[in-house]
Amino acid sequence: MSKYKIAMAGEHLALLYRGPDVWNRWRQDHSQKSPNLAGCNLGQMDLQAFDLSHTDLTSTNLRGANLTGVNLSNSLLCGANLIEAQLTRIEGVAINLHHAQLQGADLRDANLIGGDLDEAVLLEAELSRANLVGCSLKHADIRRAELEAAQLHRADLRFAELAAANLIQAGLSQANLSYATLTGAYLYGADFSRANLRAAHCSQAYLVRANFTDINAEEIDLAWSNLSKVNFTGANLRRASLRGARLHRAQFNQTCLEEADWELASLAQARGLPSLSC
């Protein structure tokens with residue numbers, strides 16, 4: 001960081017320490033300026049009443065901080081430490097959390113639409129009902145995270161790690177999950193319509209009543225998964241592994257299953273089974 005940026009961070013940190021009234025008044029009077037708090041130590045602070053939109057918080061320590069309901073839209077938090085931070089209901093449109101540390105953070109009901117979370121660590125984070133529409137989460141670590149009813153429509157989750165994550169009733173339509181890992185994930189009723197799951201690792205997942213209509217899932221691994229009542233209408237499952245999968249009452253209208261592995265699969269009452277050629 002340049003000497004100028006360090007000086008600016010010190011000046012803006014001093015303003016922050018004077019409290020939310022002074023800080024927010026300064027923001028209003030200097031609306032063209034973007035505050036710089038990069039690299040500052042704000043761990044454990046209560047920041048609920050501060051306007052932190054358009055703020056540079058790159059590599060800032062916010063571990064355990066209370067940011068409930070804070071406006072962080074268009075802010076830079078690349079590499080920030082947000083471990084166990086309270087981030088419920090934050091307004092984070094177009095937020096940049098690239099490579100941020102968010103282990104155990106609480107992001108329930110957060111609005112992160114269009115955000116950059118590439119390589120972010122969200123291990124065991126709480127993201128129930130979070131708005132992640134259009135977010136980039138490439139290579140993100142989301143293992144064992146809570147994402148019940150989260151909205152991930154059009155999200156980029158290529159190579160993301162979602163093993164053992166809870167995605168009950170999550171919205172993943174048109175999301176890109178190619179090469180993602182969802183081993184052992186809980187995906188009851190999740191909507192994957194028109195999603196890209198090419199070569200995704202989904203073995204031993206619980207996908208009862210999931211919507212797989214019109215998905216591209218060529219070479220997907222669904223071995224030993226529970227796929228009961230899944231709707232595969234129009235899906236591309238070419239060269240998919242369905243070995244040992246439970247497919248009771250699954251729907252296969254116009255589904256491509258060319259070269260799919262069915263060994264030991266249970267197909268009781270499966271409907272619309274096509275020919276295996278496409």
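Reckoned from all heavy atoms, side chains included, excluding hydrogens, waters and symmetry mates.
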Please report the interatomic distance [atom1]([X]) to [atom2]([Y]), rounded to the nearest 0.5 Å.
X    : Y    : atom1 : atom2 : value
N176 : R158 : CG    : CZ    : 5.5 Å
L137 : L122 : CG    : CG    : 7.0 Å
L62  : M45  : CG    : CE    : 9.0 Å
S241 : W224 : OG    : CH2   : 9.5 Å
N74  : T55  : CG    : OG1   : 10.0 Å
L147 : L152 : CG    : CG    : 6.5 Å

Please find the pair of heavy atoms, one from [X] and one from [Y], that lie closest to each other, and give the distance.
X    : Y    : result
T60  : G39  : OG1-N, 3.3 Å
I220 : A200 : CG1-O, 3.4 Å
A210 : L187 : CB-O, 4.1 Å
A245 : L227 : CB-CD1, 3.8 Å
G114 : C135 : N-SG, 3.9 Å
L172 : A190 : CD1-CB, 4.4 Å

message = Please say yes or no: joined through hydrophobic side-chain contacts below 4.5 Å, possibly via intermediate residues, are L257 and L207 part of one cluster?
response = yes
Within one Ile-Leu-Val-Met-Phe-Trp-Tyr cluster: V121 and L77, side-chain cutoff 4.5 Å = no
Is a side-chain N or O of [X] found less than 3.5 angstrom from the main chain of [Y], in a donor-acceptor match?
X    : Y    : answer
S75  : L52  : yes
S228 : L247 : no
N81  : I83  : yes
H139 : E119 : no

ask   = When you look at L123 and L102, which way does the side-chain contact (heavy atoms from CB on, under 4.5 Å) test go after all the steps?
value = CA-CA 7 Å; L123 183 69; L102 290 142; over 6 Å; no
request  = Take atom CZ of R271 as the centre, draw a 6.0 Å sphere, and report whether it contains more than 12 heavy atoms from other residues, nucleotides or ligands.
outcome  = yes
task = Could you tell me whether R243 atom CZ has more than 12 heavy atoms of other residues or ligands within 6.0 Å of it?
result = yes
inquiry  = Which label fits F252 and F232: parallel for a plane angle under 30°, tilted from 30 to 60°, or perpendicular past 60°?
reply    = parallel
query = What orientation do F212 and F192 show, parallel under 30°, tilted 30 to 60°, or perpendicular over 60°?
reply = perpendicular
inquiry  = I'd like to check the side-chain contact (heavy atoms from CB on, under 4.5 Å) partners of Y186; sequence neighbours left out, ordered by chain and number.
reply    = N166, I168, Y188, Y206
Between [X] and [Y], a side-chain donor and acceptor under 3.5 Å:
X    : Y    : answer
S173 : H153 : yes
H248 : S266 : yes
D51  : N24  : no

note = Those residues at least two apart in sequence (or on a different chain) that pass salt bridge (charged side-chain N to carboxylate O under 4.0 Å, His left out) with D118 are K138
task = Please identify each residue that fulfils salt bridge (charged side-chain N to carboxylate O under 4.0 Å, His left out) with D141, with sequence neighbours left out.
result = R143
remark   = Contacts of T213 meeting side chain to side chain donor-acceptor pair (under 3.5 Å) (sequence neighbours excluded), chain-then-number -> N211
request  = State which residues pass side chain to side chain donor-acceptor pair (under 3.5 Å) with R239; sequence neighbours excluded, sorted by chain then number.
outcome  = E218, E219
key: Sequence neighbours excluded - salt bridge (Lys or Arg N to Asp or Glu O under 4.0 Å) pairs with any residue from residues 69-92   = none
Side chains of [X] and [Y]: does their closest heavy-atom pair fall under 4.5 Å?
X    : Y    : result
V22  : L15  : yes
R108 : R129 : yes
Y179 : R198 : yes
L182 : L177 : yes
P35  : W26  : yes
H54  : R27  : yes
C202 : D221 : no

task = Please say which of I90, T88, L97, L82 ends up in a side chain to side chain contact (heavy atoms under 4.5 Å, CB included) with L107.
result = I90
task = Would you please test V133 and L112 for side-chain contact (heavy atoms from CB on, under 4.5 Å) and show each step?
result = CA-CA 8 Å; V133 172; L112 303 173; over 6 Å; no
request  = May I ask you to say whether R194 pairs ionically with D214, meaning some side-chain N is under 4.0 Å from a carboxylate O?
outcome  = no
inquiry  = With side-chain contact (heavy atoms from CB on, under 4.5 Å) as the criterion, how do N96 and T58 come out once you've worked through the C-alpha distance, each side chain's angles and the decisive distance to 0.1 Å?
reply    = CA-CA 9 Å; N96 190 332; T58 302; over 6 Å; no
task = Please lay out, stage by stage, how L42 and N61 fare under the test side-chain contact (heavy atoms from CB on, under 4.5 Å).
result = CA-CA 5 Å; L42 306 177; N61 177 25; over 6 Å; no
